[in-house]
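Just dropping this structure here.
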Amino acid sequence: MTAAVRRIAVIGGGPGGLYAAALLKRLDPEREITVWERGAPDATFGFGVVLSDETLGGIAHADPAVHAALQDAFVRWDDIDIVHRGRTLTSGGHGFAALGRVALLRILHERCARLGVRLRFRAEAPPAAELAAAHDLVIAADGVHSRTRQTHADIFRPTVTTHRCRYIWLAADRAFDAFRFEIAETDHGVMQLHGYPYERSATAGRSTVIVEMREEVWRAAGFAGLDERASADRCAAVFADALGGRPLLSTAEVASVTSSTSTVSSASAASAASSRPAASPTPGAARASAWTAFRTVVTERWSHGRTVLIGDAAHTAHFSIGSGTKLAMEDALALAACLEEERDLPAALAAYERERRPVVASTQRAALASLRWFEELATHTGRPPRQFAFGLLTRSRRVTHGNLRLRDPGFTRSVEDEFGCPPGTPPMFTPLRLRALTLRNRVVVSPMDMYVARDGVPGDFHLVHLGSRALGGAGLVMTEMVCVSPEGRITPGCTGLYTREQGDAWRRVTDFVHASAPGTAIGVQLGHAGRKGSTRLMWEGMDEPLPTGNWPLVAASPLPYRPGVSQVPHQLDRRQLAELRERFAAAARRARRSGFDLLELHCAHGYLLSGFLSPLTNRRTDAYGGSPERRLRFPLEVFDAVRAQWPEDRPMTVRISATDWAPGGTTPEEAVGIARAFAEHGADAIDVSTGQVVADERPEFGRSYQTPYAELIRSTVSVPVIAVGAISSWDDVNSLILAGRADLCALGRPHLYDPHWTLHAAAEQGYSGPAVPWPAPYRAGSRPPPTGRTAAPGPRLAPR
């Protein structure tokens with residue numbers, strides 16, 4: 001136990017701060033704990049709060065009294081209703097629990113008061129540094145606009161990102177039967193309603209209603225000039241069907257009704273009154289619920305000396321996944337536990353941060369995916385109704401196809417039927433046609449550099465590597481980037497298609513695939529390393545220049561990949577550009593003779609053609625630089641030259657980096673323009689990757705983190721897309737395909753771990769059909785092998 005932590009100050013009387021105070025006081029009644037809250041006891045925002053079973057389980061274990069009070073106040077429901085274009089689709093089995101935010105605060109006020117926590121309402125807390133001088137611990141629970149975080153920004157190092165939608169919290173004087181998402185396509189643009197019940201009785205009820213829309217829609221609709229009451233009226237008119245013609249209540253109206261019926265325990269009220277400054281201003285409740293834009297807060301550090309951040313002061317997660325209060329209360333639980341378990345305060349605060357950071361990071365990734373889905377809502381509305389609903393339900397990537405099959409098998413089957421899945425066929429095992437090539441399933445073995453070629457010639461390793469993955473059941477197996485010239489290699493171990501010997505060696509691979517894995521397609525990816533060439537093998541020092549034997553590099557502009565480390569490339573002139581176009585065309589001719597079924601042009605990851613596309617790497621002032629259209633010119637010339645040499649009936653794809661993950665780089669709008677240009681020139685699909693363009697990138701890594709870019713391009717350009725990047729489970733593949741986020745999914749590392757990943761995915765789903773035939777010699781292994789018994793039968797009869 002951390003006995004030294006006796007005097008504790010809490011800045012902010014929201015659920016996180018109050019719950020932390022109650023827990024710490026309960027664990028040690030001798031502690032002196034004071035909570036400063038600048039608002040009145042019932043001044044709040046947000047109306048309803050949703051808590052998960054996981055959070056409730058932690059509360060039940062830590063404080064049964066609070067848990068019991070919450071259980072009595074909860075409204076519970078299972079369904080999600082999605083209303084779009086006059087049609088309501090319902091998915092069940094989700095399990096929600098909510099209560100009013102004022103009710104939650106009342107429960108926590110009363111618990112704190114009973115335990116002896118001092119609550120100071122309408123009292124601005126002294127600065128954290130001043131409190132830290134007189135207290136053993138300062139808990140900053142002062143919200144998204146945290147003064148503590150801002151004052152010590154040099155220590156906590158926050159990043160605050162403001163997003164593209166405006167939203168407003170309102171309330172309906174009726175309890176919805178389900179979590180309701182309703183889409184309104186107005187003359188000004190798309191608006192959406194998020195609603196859920198938080199009070200329900202025999203005679204009345206109430207629901208939270210959040211109305212959200214893009215900034216430009218908000219302005220076009222005239223909301224910028226409306227106060228909260230007028231905004232509520234306008235929103236009620238837009239969503240009249242959802243509300244049954246009833247009005248929407250503003251924050252002030254809800255607060256006035258609630259305050260007339262709410263009470264704080266006598267001990268709490270006395271505590272508040274004894275310390276209330278006579279002239280202290282009361283923050284207006286209406287002001288807390290005005291139209292605003294969501295801000296994602298990320299902080300590099302959560303503690304400084306005796307001060308620690310919790311809840312929105314440390315991190316925020318978009319309301320569309322309902323995790324703000326949940327995270328704050330879980331922070332409080334973890335902080336209290338770590339203070340009990342660790343030897344001293346520094347160790348406890350470090351343990352708290354280690355425990356919570358991964359959970360918060362995962363939640364923020366899910367929240368960001370959900371937020372961006374709603375930001376791009378207008379690009380999704382034209383989808384078939386059930387696919388639209390499925391996409392909304394799976395937008396955060398936390399709910400998947402597999403989850404929904406368990407929660408609501410009937411709804412999931414209806415989505416599969418609309419998509420065209422034959423009975424018993426998972427979405428990933430439906431075919432896709434590109435020109436004359438029909439891929440029997442949606443799984444692609446992603447291009448992966450092996451760095452084991454000699455003089456660009458693929459050898460036995462490549463035969464076994466690609467051959468085994470073709471036997472493993474994937475619909476399409478891609479080669480690594482195959483270079484169009486010796487100088488276009490990344491490393492001395494990279495393969496090429498610039499000699500006849502190389503073409504013959506590749507023919508050996510394609511012949512094996514076509515003979516031994518009939519029905520599996522094999523594709524070649526053509527590229528040129530550009531400024532990222534002449535480097536060591538990956539395991540000898542990735543992106544490090546060769547110690548000897550370097551060859552000269554060329555690029556769109558004379559900018560080294562790693563300044564001070566990498567070689568400065570030569571800027572290509574017009575003659576050299578023409579020579580390079582012919583290099584690509586010649587490689588395409590060899591690829592055709594080598595028997596490949598599909599050709600992909602590599603315009604991503606900072607290699608030569610990608611270097612022309614990105615404004616960070618193309619600083620040219622001639623016809624091949626400047627505007628997005630000019631930066632596209634050379635890659636499109638290469639595409640046209642390759643397409644002219646590639647058979648008309650065989651598909652051609654293009655891999656792009658849809659973002660550079662760096663300021664000033666390719667924007668999503670530019671990525672859409674790049675994809676559209678290639679599609680107009682005849683690309684049959686766009687392979688949507690991201691990054692690796694500049695060395696100082698800051699990617700937002702996470703599960704299937706690149707997929708939103710693929711979905712944006714697919715929805716906007718109406719071209720088939722290949723999604724790639726941290727897709728690892730067959731459940732993810734099914735989810736992405738069925739939601740319409742991608743047409744194909746490319747997996748790299750999973751195929752390194754398991755060459756037969758697709759066959760095993762079929763076996764684990766109980767699928768046996770034409771999309772994944774087991775090779776005849778392997779059929780005996782098409783079921784998981786039996787294992788030894790792991791447990792004996794339990795006792796059945798009790799002794800008499």
Check your understanding: Taking it one step at a time, do Ile107 and Leu99 satisfy side-chain contact (heavy atoms from CB on, under 4.5 Å)?
Key -> CA-CA 11 Å; Ile107 290 168; Leu99 76 165; 4.2 Å; yes
Practice item. Could you check if a side-chain atom of Arg111 sits within less than 4.5 angstrom of a side-chain atom of Tyr19, using non-hydrogen atoms only? Key: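 A side-chain contact is absent here, since even the closest heavy-atom pair is not under 4.5 Å.
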**Study point:** His94: ring pair (Phe, Tyr, Trp, His ring centres under 6.0 Å) partners, not counting sequence neighbours
**Key:**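 By the ring pair (Phe, Tyr, Trp, His ring centres under 6.0 Å) rule, His94 matches no residue at all.
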Check your understanding: Sub-3.5 Å donor-acceptor pair from the side chain of His188 to the main-chain atoms of Ala220, do we have one?
Key ->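 It does hold such a pair.
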Exercise for review: Return the set of residues passing side chain to side chain contact (heavy atoms under 4.5 Å, CB included) with Asp408 (not counting sequence neighbours), or none when no residue passes.
Suggested key: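 In terms of side chain to side chain contact (heavy atoms under 4.5 Å, CB included), with neighbours along the sequence ignored, Asp408 is linked to Ser91, Phe411.
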Exercise for review: Take the angle between the ring planes of Trp77 and Tyr196 and call it parallel below 30°, perpendicular above 60°, tilted in between.
Suggested key: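 If you compare the ring of Trp77 with that of Tyr196, the planes turn out parallel.
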Practice item. For Tyr198 and Arg206, run side-chain contact (heavy atoms from CB on, under 4.5 Å): C-alpha distance rounded to whole Å, both residues' side-chain angles, the deciding distance at 0.1 Å, then the answer. Key: CA-CA 6 Å; Tyr198 67 88; Arg206 190 163 287 169; 2.7 Å; yes
Review point. According to the interplanar angle, ranging from 0 to 90°, do the rings of Trp373 and Phe388 count as parallel (below 30°), tilted (30 to 60°) or perpendicular (above 60°)?
Key: tilted
**Study point:** Glu711: salt bridge (charged side-chain N to carboxylate O under 4.0 Å, His left out) partners, not counting sequence neighbours
**Key:** Arg383, Arg741
Point to revise | Non-neighbouring partners of Trp302 that pass ring pair (Phe, Tyr, Trp, His ring centres under 6.0 Å), sequence neighbours left out | key: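 Per chain and number, Trp302 pairs via ring pair (Phe, Tyr, Trp, His ring centres under 6.0 Å) with His315, Tyr352.
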Donor-acceptor contacts under 3.5 Å from residues 362-369 side chains, at least two apart:
residue: Ser362; atom: OG; partner: Arg398; partner atom: NH2; Å: 3.2
residue: Thr363; atom: OG1; partner: Val359; partner atom: O; Å: 3.0
residue: Thr363; atom: OG1; partner: Arg398; partner atom: NH2; Å: 3.2
residue: Gln364; atom: NE2; partner: Val297; partner atom: O; Å: 2.9
residue: Gln364; atom: NE2; partner: Thr316; partner atom: O; Å: 2.8

Practice item. Please report the shortest heavy-atom distance between Ala184 and Val238, naming the atom on each side. Key: CB-CG1, 3.7 Å
Check your understanding: Can you name the nearest heavy-atom pair linking Leu18 to Cys112, along with the distance?
Key ->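 Smallest heavy-atom distance, with atoms named: O-SG, 3.4 Å.
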Practice item. Sorted by first residue and then second, give each ring pair (Phe, Tyr, Trp, His ring centres under 6.0 Å) pair with at least one member in residues 140-159; sequence neighbours left out. Key: His152-His304
Exercise for review: With sequence neighbours excluded, tell me which residues meet ring pair (Phe, Tyr, Trp, His ring centres under 6.0 Å) with Phe239.
Suggested key: none
Practice item. List for me each residue that meets ring pair (Phe, Tyr, Trp, His ring centres under 6.0 Å) alongside Tyr705, sequence neighbours excluded, and say none if there are none. Key: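 Listed in chain order: Phe701.
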**Study point:** Listed once per pair and sorted, the salt bridge (Lys or Arg N to Asp or Glu O under 4.0 Å) pairs that draw on residues 72-98, sequence neighbours left out
**Key:** Arg85-Glu185
Revision key, fill the gap. Between Leu248 and Arg229, the two heavy atoms sitting closest are O-NH2, 2.8 Å
Practice item. Please work out which of the three classes, parallel, tilted or perpendicular, describes the rings of Tyr167 and Trp169, given edges at 30° and 60°. Key: perpendicular
Review point. So which heavy atom on Thr707 is nearest to which on Ala723, and how close?
Key: OG1-CB, 4.4 Å
Exercise for review: Identify, with sequence neighbours excluded, every residue that meets side chain to side chain contact (heavy atoms under 4.5 Å, CB included) alongside Ala141.
Suggested key: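 Partners of Ala141 by the side chain to side chain contact (heavy atoms under 4.5 Å, CB included) criterion, ordered by chain and then number, come out as Ile310.
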Check your understanding: Between Arg219 and Glu215, does at least one N-O distance fall below 4.0 Å, as a salt bridge requires?
Key -> yes
Point to revise | CZ/Arg357: more than 12 non-hydrogen atoms of other groups inside 6.0 Å | key: yes
Check your understanding: Who pairs with Ser320 by side chain to side chain contact (heavy atoms under 4.5 Å, CB included), at least two apart in sequence or on another chain?
Key ->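 Only His194, His318, Ser370, Phe374, Arg395 meet the side chain to side chain contact (heavy atoms under 4.5 Å, CB included) criterion with Ser320.
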Review point. Which residue pairs pass the salt bridge (Lys or Arg N to Asp or Glu O under 4.0 Å) test when at least one of the two sits in residues 142-164, sequence neighbours left out?
Key: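 Listed once each, the pairs are Arg157-Glu300, Arg164-Glu376, Arg164-Glu669.
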Check your understanding: Atom OG1 of Thr412 and atom CZ of Arg386: how far apart are they, to the nearest 0.5 Å?
Key -> 11.5 Å
Check your understanding: Is it true that a side-chain atom of Arg200 and a backbone atom of Ser207 form a donor plus acceptor pair closer than 3.5 Å?
Key ->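 No, Arg200 side chain to Ser207 backbone: no donor-acceptor pair under 3.5 Å.
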Exercise for review: For residues Phe294 and Leu371, report the shortest heavy-atom separation together with the two atoms involved.
Suggested key: CD2-CD1, 3.9 Å
Practice item. Give a yes-or-no answer on whether the side chains of Asp732 and Ser735 include a donor-acceptor pair shorter than 3.5 Å. Key: no
Exercise for review: Give the C-alpha distance, both sets of side-chain angles, the deciding distance and a yes or no for ring pair (Phe, Tyr, Trp, His ring centres under 6.0 Å) between Phe121 and His109.
Suggested key: CA-CA 11 Å; Phe121 296 112; His109 290 160; 4.9 Å; yes
Review point. For the residue pair Val10 and Ala21, what are the closest heavy atoms and their distance?
Key: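 Between these two residues, the closest heavy atoms are CG2-CB, 4.3 Å.
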